[in-house]
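One structure is given here, and the rest of the page talks about it.
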There are 2 protein chains.
Amino acid sequence: MRRTRDTSNGRQRVLDAAAERLVAQGYTATTLREIAADVGIKAGSIYHHFDSKEDLFIEVFSRGIEVMVEAFESIDASPDLCDTVNDRIELYVRAHLGALFEHGSYTAAHVTAFFTAPNELRSAIVPLRDDYEHRWNSLLADVLLDVEASRLPLARLFLFGAMNTTIEWFDPLGDLSLDGLANLITVQFLEGVHSLNLQRSTQ
Amino acid sequence: MRRTRDTSNGRQRVLDAAAERLVAQGYTATTLREIAADVGIKAGSIYHHFDSKEDLFIEVFSRGIEVMVEAFESIDASPDLCDTVNDRIELYVRAHLGALFEHGSYTAAHVTAFFTAPNELRSAIVPLRDDYEHRWNSLLADVLLDVEASRLPLARLFLFGAMNTTIEWFDPLGDLSLDGLANLITVQFLEGVHSLNLQRSTQ
DNA sequence: GTCTATAGGGAGATAGAC
DNA sequence: GTCTATCTCCCTATAGAC
């Protein structure tokens, strides 16, 4: 594998460092000086790659969603990997968790630090977030034909809540594997969502 | 109702303003100048009430947990309000959501901004968090006798994930009431948690 | 592509008058 | 209990040398 001279390498390392700092500290607490030090350059040099701090972090957050979308689409592309509806959903849950824990810090940065970013930056990212959420809503509507459709968007929010907060406590090196975690979340979600059919309409 | 001269009133208003700013902006982005302006005083005056920014926010976060604990204990104190296990859990879920949406911004501030605060501050709060989480683990263990006990701590984490992220999307003025939300979350959680008994052991 | 040097602004915190 | 004034520090961002 030939290693060509990659001019974007420095830029990439800045992005990686920014994502890691975001997870640990949030937006405002993360300084360009720290990021530069992590990479081994000076703060001013970052402006050769990005126009501003906001510009840099827009790219980090966007990449965080792209990682999730790519994981989601990789399941879409192989629709015959499993037999049952439950197993199919579990694949998507596993992909989402994989984006959080196995493909760098970008998705983790997005999930933990998005709400610590300035409003203007968030506005630029919201359409991408909406797109990913829409994919999930469509998936659930296509697959859970026996569940009242109007309940699914709310159920998805509960599912996202359970999945995304794993970033606060799950240890990939602990006893429970990501596969095991995906299985547990999926089973609990699917049993729960089916129960909504039996439920009295809400006040 | 006689209105006595209350020397802690100014202090209380600073705390309230700090909690609201925390929800909107996170720890580092919230400045003492802003908080002072919200209250109608100058930044330097805050130091008459608190030793430091960190000191002020420790009190905000602590109060956020106290509100949850008080809501939890108010259910403990009236154990004969309902017949079934499900209804009983629903009362606690409703109390937790009430702390998030109906008793000021303190609990919301804690849930959204805790991880944006400096490490030293977080360390001071962690024992209080642990205490509240322990109450929930005990509650579930006492009440869900038919569920394998080792699964309950994980199930509680899923439940907290679903409850706490409602702060990102739930609108108390919308069509769905807090009672309705509590009912939906509880039903989905309980059906899901019972399904764990049937599940293969995880890898 | 990275450096040094620095401009310009805003943060937390303190001292002392009122 | 609040004010004004100010100290000190660190941030983002820019300019120009190498």
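Here is the naming used below: chain letters follow the sequence lines, and residue numbers restart at 1 for every chain.
Among A:K42, A:R21, A:K53, the single residue meeting the salt bridge (Lys or Arg N to Asp or Glu O under 4.0 Å) criterion with A:E34 is A:R21. Applying the side-chain contact (heavy atoms from CB on, under 4.5 Å) test between A:L100 and each of A:T107, A:T112, A:L178 identifies A:T107 as the sole match. When each of B:R135, B:H134, B:R129 is checked for a side chain to side chain donor-acceptor pair (under 3.5 Å) with B:D131, only B:R135 meets the rule.
Looking at B:S52, its side chain does come within 3.5 Å of a backbone N or O of B:D55 through a donor-acceptor pair. Side-chain N or O atoms of A:T166 include none that pairs as donor or acceptor with a backbone N or O of A:A162 at under 3.5 Å.
Going from atom CD1 of B:I35 over to atom P of D:dT2 covers 14 Å, rounded to whole Å. Atom pair A:Q12:CD and C:dG1:C1' shows a separation of 16 Å (rounding to whole Å applied). Rounded to an integer number of Å, the gap from B:I41 CD1 to D:dT4 P is 12 Å. Taking atom CZ of residue A:R13 and atom C1' of nucleotide C:dT2, one finds them 12 Å apart after rounding to whole Å. D:dT14 atom C1' lies 15 Å from atom NE2 of A:H48, rounded to whole Å.
Checking A:D16 against A:Q12 by side-chain atom types alone, a donor-acceptor pair falls below 3.5 Å.
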Under a 4.0 Å heavy-atom criterion, the protein footprint on nucleotides 4-18 of chain C, written with B, S and -, is B------BBBB----
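For the OP1/OP2 pair of D:dT2 and a distance below 4.0 Å, the side-chain nitrogens and oxygens of B:H49 include at least one atom meeting the criterion.
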